[in-house]
Amino acid sequence: MGIRNITFINASPAIQVSNGSSQVSIRNNIFEGAGTSIAINVGDALSSPVILNNTFFDNGTAILSLSQPNLSIVNNIFANNGTAISTTVSISNILSNLFWQNSTAGPSTILFNAPGNPDYKQNVNTQDPQFVNLLGTDYTKWDFHLKSTTTTTTAVGDASAGANSINGVSPPDMGAYGGSLSDAIPFPVSGLSGAVSGPSIDLTWSSNPCYMIQGYKVFYSANKSGAPYDSTQDAGNVTSFTLGPLTAPTSTLTAPVLSSSPGSGILKLTWTPSSGATGYNIFYKESSAAVYNPPIQVGNTNTFDLSGLTNPTPAGVVTYYDVYVQPYYQAAYHIAVKPYYNSTDANKLALVYSNEISVPFGSLIDGPVSNTITDFPEPITAIPALPNKGCFIATAAYGSYSASQVQALRTLRDRYLQTNGPGRAFVRWYYTYGPRGAQILNDHPEWKPVVRAALLPAIGIALFLTHTSSLTKILFIMIFATSIVLLLYRKKLPPFGGIQ
Amino acid sequence: MKRAIGGVLLLLIMMMPLSVQAAEQASERPHWSLELKGGIFIPAIDNWSTYYGRRDILEFGGSLAYKILRLIEVGVEGTYIKDKGQGYAPIHNMAAGNVTYELAPLNVFILARGVISDNQWLIPYAGGGWTRMYYREEVQYQGIVRGSTDGTHARAGLQIVLDSADARAAGNLYKDYGIFHTSLFFETRYTRAMITDLAGSSVNLGGTSYLMGLLFEF
């Protein structure tokens with residue numbers, strides 16, 4: 001069996017080989033941070049694993065074999081361990097390993113190269129492996145690839161163990177990222193930043209010092225965050241790059257529909273999304289004031305708590321506020337970087353993107369303003385506080401204003417009906433006649449199940465429209481249209497076995 | 001006791017027929033009653049003046065009834081009551097904001113009029129029936145609630161037949177519009193329409209109305 005490409009962090013032991021396990025191959029693993037514990041424990045004389053191209057870092061004992069001499073320990077890096085190899089028997093095959101800053105390398109039978117006389121069949125204890133990154137205390141962020149300045153790569157790797165999978169050249173690298181079965185995917189880079197420069201964006205990022213890095217690819221999308229990105233450019237083996245010239249995409253904004261509910265000194269604002277908006281400005285003033293306060297930029301959200309407003313005075317005098325929302329559009333490029341070992345081999349590209357940056361690009365465009373609402377930042381209850389029995393039919397049918405089905409219909413109203421003329425006309429009509437229907441329904445509760453059943457299609461449509469992505473909607477429409485076409489076409493076909 | 005007896009006697013004297021010829025023809029009698037009325041409504045809600053300032057509210061309305069007998073009529077009455085005041089700000093426990101409160105009681109009633117003689121000029125009446133109380137509350141900028149509740153009402157009053165005041169005009173009203181009698185009336189109405197408010201308490205949306213108006217019998 002093979003144990004490959006696994007990172008063991010603080011495992012005790014990470015691997016226990018016993019009970020006569022034969023043909024065990026432990027390759028390209030990382031054992032780190034086990035402290036005083038054992039990384040690999042070969043527990044009996046019958047098991048004889050092959051331990052090839054692993055990196056052992058900061059373990060109590062990297063390999064313990066008290067009774068099995070027939071181990072094959074080749075092309076591993078032992079660094080900063082208490083004891084690299086602990087054994088009371090004479091292990092026959094300890095070749096081409098790198099030992100660095102271990103308290104104890106191992107038994108005296110380990111043979112090391114003499115300085116100036118490299119022999120890759122032996123072992124090395126005079127070279128810093130130069131791992132890419134051991135900064136910080138987060139083991140998961142450590143990168144045991146080797147830097148370009150390392151001499152380990154060409155000095156000691158045992159070519160008989162197979163060529164390096166990254167570049168296909170023998171001898172293979174030492175450690176977890178060497179050998180024919182190593183993981184040939186570079187670690188991501190960090191520190192990406194960018195600034196607009198004329199029609200372009202100047203980018204810089206932190207280098208990935210792995211010696212096998214051949215370059216970096218820049219991924220970017222306009223107005224869309226996250227992968228998959230729309231475009232890619234190969235920057236080459238640099239850490240700064242000018243992306244461009246670019247063109248800022250434009251957008252046509254629609255007016256949102258604003259509503260509010262009062263809190264204590266707060267107006268809780270909610271508005272319908274403005275198509276294409278990348279953010280919103282909140283304008284407000286006391287109703288008696290002539291000029292609006294400076295706008296509050298709230299980003300691309302559809303809710304905001306306008307706080308710090310004046311509560312009623314002890315004399316009961318209230319301060320009303322006028323509020324409206326204005327969407328704006330600011331084009332932005334979302335950019336990330338990946339390093340690669342081979343620009344033409346997608347399998348040798350980093351799996352993880354760098355940090356993504358969003359760079360505003362082009363002029364800011366203000367959209368049409370919403371309706372202006374006037375409200376007071378504290379809920380007022382009429383006396384007597386009477387129930388609203390004139391609400392919508394759905395509320396009457398489902399028994400509660402906060403029922404999820406009613407909420408779905410409200411969302412449908414706000415997003416799809418209030419945003420266009422016919423929709424608003426329907427809402428007005430419904431507000432006129434809906435209360436009467438609700439009243440009738442409340443007076444005849446035995447009809448509610450029937451009305452709930454009748455409302456199901458509308459609720460289904462509301463949930464579909466408000467809880468699915470644009471792509472899902474398009475796919476559904478395409479499937480629906482295709483089904484209709486197939487149904488019609490099928491009716492035209494002759495019966496099975498017939499002749500047309 | 002003497003005062004009560006005196007009052008009853010005075011009422012009976014006033015109800016005695018007068019010599020003035022009314023517009024009603026001997027062979028005919030009115031079948032319909034139309035009332036146009038207005039006055040004040042005093043809500044049964046205890047702390048009304050705390051939020052609305054005054055205890056009384058203007059009320060206007062009318063009724064149409066059919067006389068199934070000369071003394072008995074059934075009909076429908078509708079009035080409208082509106083007041084403006086403040087609401088309750090619960091966070092700061094004070095009256096605040098602007099509230100418009102409207103009631104529209106719709107009454108279905110049966111009424112008995114104390115008609116003894118065709119020439120009687122003072123007629124007492126009393127009746128009552130079922131009430132559907134429609135309400136609407138608007139908190140300025142913060143929404144509207146509306147609804148209705150059922151109740152009952154009772155009313156009593158006194159009508160003064162005006163035919164004797166201007167017999168010629170009364171005659172013309174009959175000839176031109178078929179109105180047998182025109183009366184000025186004063187009445188008191190009590191309405192009880194209970195509803196459970198948002199706090200779970202039972203509230204009487206009704207109250208006492210003091211109304212006057214004109215009654216046309218045709």
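We name chains A, B, ... by the order of the sequence lines, and we start the count at 1 in each one.
Summarising the local packing, NZ of B:K84 is surrounded by 12 or fewer heavy atoms from other residues, nucleotides or ligands at distances under 6.0 Å. Atom CZ of B:R136 has more than 12 heavy atoms from other residues, nucleotides or ligands within 6.0 Å. Summarising the local packing, CG of B:D46 is surrounded by 12 or fewer heavy atoms from other residues, nucleotides or ligands at distances under 6.0 Å.
Interatomic distance, B:Q142 CD to A:S261 OG, rounded to the nearest 0.5 Å: 9.0 Å.
Not a single donor-acceptor pair under 3.5 Å links the side chain of A:Y320 to the backbone N or O of B:Y141.
Of the atoms belonging to B:L205, it is side-chain heavy atoms, and not backbone ones, that fall under 4.5 Å from chain A. Residue contact with chain B, scored on non-hydrogen atoms closer than 4.5 Å, involves the backbone and the side chain of A:P379 alike.
No other option in A:I373, A:I380, A:D375 has as many heavy-atom pairs under 4.5 Å with chain B as A:I380. Contact count versus chain A (heavy atoms, under 4.5 Å) is highest, among B:T196, B:V139, B:I91, for B:I91. For chain A, the option among B:N98, B:N47, B:V203 with the highest count of heavy-atom pairs below 4.5 Å is B:N98. Taking chain B as the reference chain and counting heavy-atom pairs below 4.5 Å, the highest number among A:L386, A:T381, A:N311 is found for A:L386.
Looking at A:P384 and B:Y101, their side chains come closer than 4.5 Å, going by heavy atoms from C-beta outward.
Annotation for A:E378 and B:P90: closest pair OE2-N, 3.8 Å, computed over non-hydrogen atoms. The two residues A:V318 and B:G97 come nearest to each other via the heavy atoms CG1-N, 3.5 Å.
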